[in-house]
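Okay, so here's the structure we're looking at.
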Amino acid sequence: MDSPAFQPIQGMSDLAAPEIFLWQRLEAAAREVMRLWAFTEVRTPALEYTHLFTRSLGDTTDVVQKEMYTFEDRGGRSLTLRPEGTAGVIRHVSGLGAEGEGARLYYIGPMFRSERPQAGRKRQFHQLGVEAFGAPNPAADAEVIALQLQLFAAWGLQGYTLDLNTRGVPEDRAAVTHGLQEAARPHLGALCEDCRRRFETNSLRLLDCKKESCQQLVAGLPPTTQFMGEASRKYLDDVLRLLGQLGINAKVNPRLVRGLDYYVHTVWEIRHGALGAQDALAGGGRYQVALGDKTFQGVGFAIGLERAIMAVQKDNPPLAAAAPQTVAWLVALGDAAREANLQLAKQLRCAGLACGMELGARSMKAQMRAANKSGARWVIIRGENELTAGTAALKNLADGAQQDVPLAELAARLKA
RNA sequence: GUGGAUGUAGCUCAGUUUGGCAGAGCACCAGGUUGUGGCCCUGGCUGUCGCGGGUUCAAAUCCCGUCAUCCACCCCA
């Protein structure tokens, strides 16, 4: 293989044909859904000042502590390749002033996390995300969740599950932590090593330990909503009620935990069976982020596109297999015909017909083979005879039928 | 960051146990047909055996290191 210097960086890879066709199709379908739901695209820089992420994500989170690509620029300022999209969008909205209130934005682009790669996990990966700004309002949460499910419908996804939970309001947090710790304390000895550490550092994390022994203990703990105020419980109930009116049957998973500090109220996660151990296809939630002297509130989600691609390949194979095709392939015999075909191909392309042709002087057999491989429906053959007559031999590759067609009629015949 | 598996032609992989000429299928190219694809037949091209070092008369094969990929942990999308 190549020497190391010419390999991509670990966990980063090229996206090319044929998978790129599926990427393009998913993105095109998503943009159309976004238009219908009245969200507009924003493209923020991949590189931001480090403190944007430490401040918004919370500097005790794993993402900030262990996974960021951080380095200094020539002026000694600390920069970070964005590990997620929300912080940059909030920074963007913060610059809009009053115009940014109620902004409805989406983004598609690469994110960077320095984790050990595995199935469904790259160091450069891609997310499609949505952010709807505004004060907490269950209708906004329900609308954004409905939008997300609409995207999955547009992609033909079926094999996913939606889990919903609430983080409550920031004022609930101390009570939740305290309540969980008191409830778990009698079982400390039976918990796994990781969970005994989590008990101190991040007790919410006890809830989603993968070990079965821990899960059984956790199942006996009271739901976190029990430690929250009445307003937080009502907010969750309202979101569920509105989702029901939209025909969405969400189930509350009291053990669902989201990793980032900025979440308040509704959080949710979508998992898919085709994804291996990293089965989270998407995550979302309502957030509250203080930037400067202003607090930004909104609700949004992010979909992992590499994982969405895997899921579509499983749930919707026809969409995953489809490739763009040329309409016609031009075959030339002799230099004069080849030059004439270059002009003809330009005319047909300007008329909206996708054409391919061989630019070198290859045998007719080789050109026909290339035509066949291209998947074109038609072959346009021209040699001395056709040049003199002002015609082209038009052959249908499916049934082999062939006839001479005047050049003036060619485009119309190809469109038929 | 931790653990396991794997790296041989463009692709999928044999060959490694027991050191002895670098292999197959697919793909690609050409011919079989002086202007006709697919199917078929014939022929042909393709290699830093991931990289670096060591052992040996001799290394794809054994040893050490390193890089990468895959899978899992952790964590997340």
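Chain letters run A, B, ... following the sequence lines, proteins first and then strands; every chain starts at 1.
Residue-to-nucleotide proximity on RNA chain B shows that, of A/Gly11 and A/Gly304, the 5′-proximal contact is made by A/Gly11.
With no hydrogens or angles considered, no side-chain donor-acceptor pair links A/Gln367 and A/Arg338 at under 3.5 Å.
Atoms CG (A/Leu394) and P (B/G37) sit 17 Å apart, rounded to a whole Å. Between A/Leu275 atom CG and B/C70 atom P there is a gap of 15 Å when expressed in whole angstrom units. Rounded to a whole Å, the NZ atom of A/Lys211 is 9 Å from the P atom of B/C75. A/Phe112 places its CZ atom 16 Å from the P atom of B/A77, with the value rounded to the nearest Å. The CD-P distance, from A/Glu358 to B/G35, rounds to 16 Å in whole Å. Put simply, CE on A/Met310 is 10 Å from C1' on B/A77, counting in whole angstrom units.
In this structure, A/Gly334 reaches neither bases nor backbone, as no heavy-atom distance under 4.0 Å exists between it and the strands shown. The residue A/Ala366 sits close only to the backbone: its heavy atoms come under 4.0 Å of sugar-phosphate atoms, none of a base. Counting any heavy atom pair closer than 4.0 Å across all strands shown, A/Arg271 reaches no nucleic acid atom. Contact annotation for A/Arg307: base contact, defined as any heavy-atom pair under 4.0 Å involving a base atom. Note on A/Ala376: nothing from the nucleic acid sits closer than 4.0 angstrom, heavy atoms only. Residue-level contact check: A/Arg116 touches the bases, meaning some heavy atom is under 4.0 Å from a base atom. Here A/Gln65 lies out of heavy-atom contact (under 4.0 Å) with every strand. In this structure, A/Ile303 reaches neither bases nor backbone, as no heavy-atom distance under 4.0 Å exists between it and the strands shown. Across all strands shown, A/Glu306 has no heavy atoms under 4.0 Å from either base or sugar-phosphate atoms. Heavy atoms of A/Gly400 sit under 4.0 angstrom from at least one base atom. As judged by a 4.0 angstrom heavy-atom cut-off over every strand, A/Arg382 is placed among residues making no nucleic acid contact.
Figure legend. B/C75 is base-paired to no nucleotide; pairs are counted as Watson-Crick or G-U wobble with both atom distances under 3.5 Å. Pair assignment for B/U56: none, as no Watson-Crick or G-U wobble contacts are both less than 3.5 Å. Across every strand in view, B/U16 sits unpaired, with no contact that passes the Watson-Crick or G-U test at under 3.5 angstrom. Base pairing of B/A68: its partner is B/U6, meeting the Watson-Crick or G-U wobble criterion (both donor-acceptor distances under 3.5 Å). Within the shown strands, B/C29 is the pairing partner of B/G43 under the Watson-Crick or G-U definition, both distances less than 3.5 Å.
Evaluation of atom-type donor-acceptor distances gives no pair under 3.5 Å for the side chain of A/Glu67 against the base of B/C74. The base of B/C67 does not come close enough to the side chain of A/Gln10 for any donor and acceptor atom to sit less than 3.5 Å apart. The base of B/G35 has none of its N or O atoms less than 3.5 Å from a complementary donor or acceptor on the side chain of A/Lys395. Judged by distance alone with a 3.5 Å cut-off, a donor-acceptor contact links the side chain of A/Gln402 to the base of B/U36. Counting atom types as modelled, A/Asn372 pairs a side-chain N or O with a base atom of B/G37 as donor and acceptor under 3.5 Å.
Distance check on atom C1': B/C57 versus B/G1 gives 46 Å, rounded to whole Å. To the nearest whole angstrom, the two P atoms, one in B/A68 and one in B/G31, are 45 Å apart. The separation of B/C13 from B/G20, taken at their P atoms, amounts to 24 Å, rounded to a whole angstrom. The gap from the C1' atom of B/G3 to that of B/U56 amounts to 34 Å, rounded to the nearest Å. Between B/U8 and B/A22, the distance separating the two C1' atoms is 9 Å to the nearest Å. Comparing the C1' positions of B/G50 and B/C70 gives an interatomic distance of 15 Å, to the nearest angstrom. A distance of about 10 Å separates the C1' atoms of B/C49 and B/G15, rounded to the whole Å. Annotation: B/U17 and B/C75 have their P atoms spaced 42 Å apart (nearest Å).
Of the options A/Ile270, A/Val130, A/Val33, a side chain to side chain contact (heavy atoms under 4.5 Å, CB included) to A/Gln148 is made by A/Ile270 and by none of the others. With respect to A/Leu15, the side chain to side chain contact (heavy atoms under 4.5 Å, CB included) criterion is satisfied by exactly one of A/Ile20, A/Ile309, A/Leu22: A/Ile20.
Relative to the side chain of A/Ala282, the nucleotides B/C75, B/A30, B/A77 differ in distance, and B/A77 lies closest. Comparing B/C74, B/G35, B/A77 by their nearest atom to the side chain of A/Gln278 picks out B/C74. The side chain of A/Ser363 lies closest to B/G31 when the candidates are B/G31, B/A72, B/G35. Closest approach to the A/Ile381 side chain among B/A77, B/G35, B/C75 is made by B/G35 (side chain taken as heavy atoms from C-beta onward). The side chain of A/Leu333 approaches B/G35 more closely than any other nucleotide in the set B/G35, B/C70, B/U36. Among the nucleotides B/C71, B/A30, B/C75, the one closest to the side chain of A/Ala119 is B/C71. The nucleotide whose nearest atom lies closest to any side-chain atom of A/Lys365 is, among B/C74, B/G31, B/A77, B/G31. The listed nucleotides are B/C28, B/G37, B/C75; the one nearest the side chain of A/Lys373 is B/C28.
Under 4.0 angstrom from either OP1 or OP2 of B/G1 there lies no side-chain N or O belonging to A/Arg123. The phosphate of B/A30 has OP1 or OP2 within less than 4.0 Å of a side-chain N or O from A/Arg362. Between A/Gln118 and B/C71 there is no side-chain N or O to OP1 or OP2 distance below 4.0 Å. Residue A/Arg121 places no side-chain N or O under 4.0 Å from the OP1 or OP2 atom of B/C70.
Across all non-hydrogen atoms, the minimal contact from A/Lys395 to A/Gly400 is CE-O, 3.7 Å. Considering all non-hydrogen atoms of both residues, A/Thr326 and A/Ser374 come closest at OG1-OG, 3.5 Å.
Listed by first and then second residue, the side chain to side chain donor-acceptor pair (under 3.5 Å) pairs that reach into residues 339-349 of chain A are A/Asn341-A/Arg382, sequence neighbours excluded. Screening residues 116-145 of chain A for salt bridge (Lys or Arg N to Asp or Glu O under 4.0 Å) gives A/Arg104-A/Glu143, A/Glu115-A/Arg121, A/Asp141-A/Arg286 as the qualifying pairs, with residues at least two apart or on separate chains.
For the pair A/Arg196 (side chain) and A/Leu191 (backbone), a donor-acceptor distance under 3.5 Å is present.
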- Hey, mind stepping through A/Tyr49 and A/Arg77 against side chain to side chain contact (heavy atoms under 4.5 Å, CB included) and telling me if it holds? CA-CA 8 Å; A/Tyr49 289 119; A/Arg77 287 165 295 208; 3.9 Å; yes
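Under the 30°/60° scheme for interplanar angles, the aromatic rings of A/Tyr235 and A/His265 are found to lie parallel.
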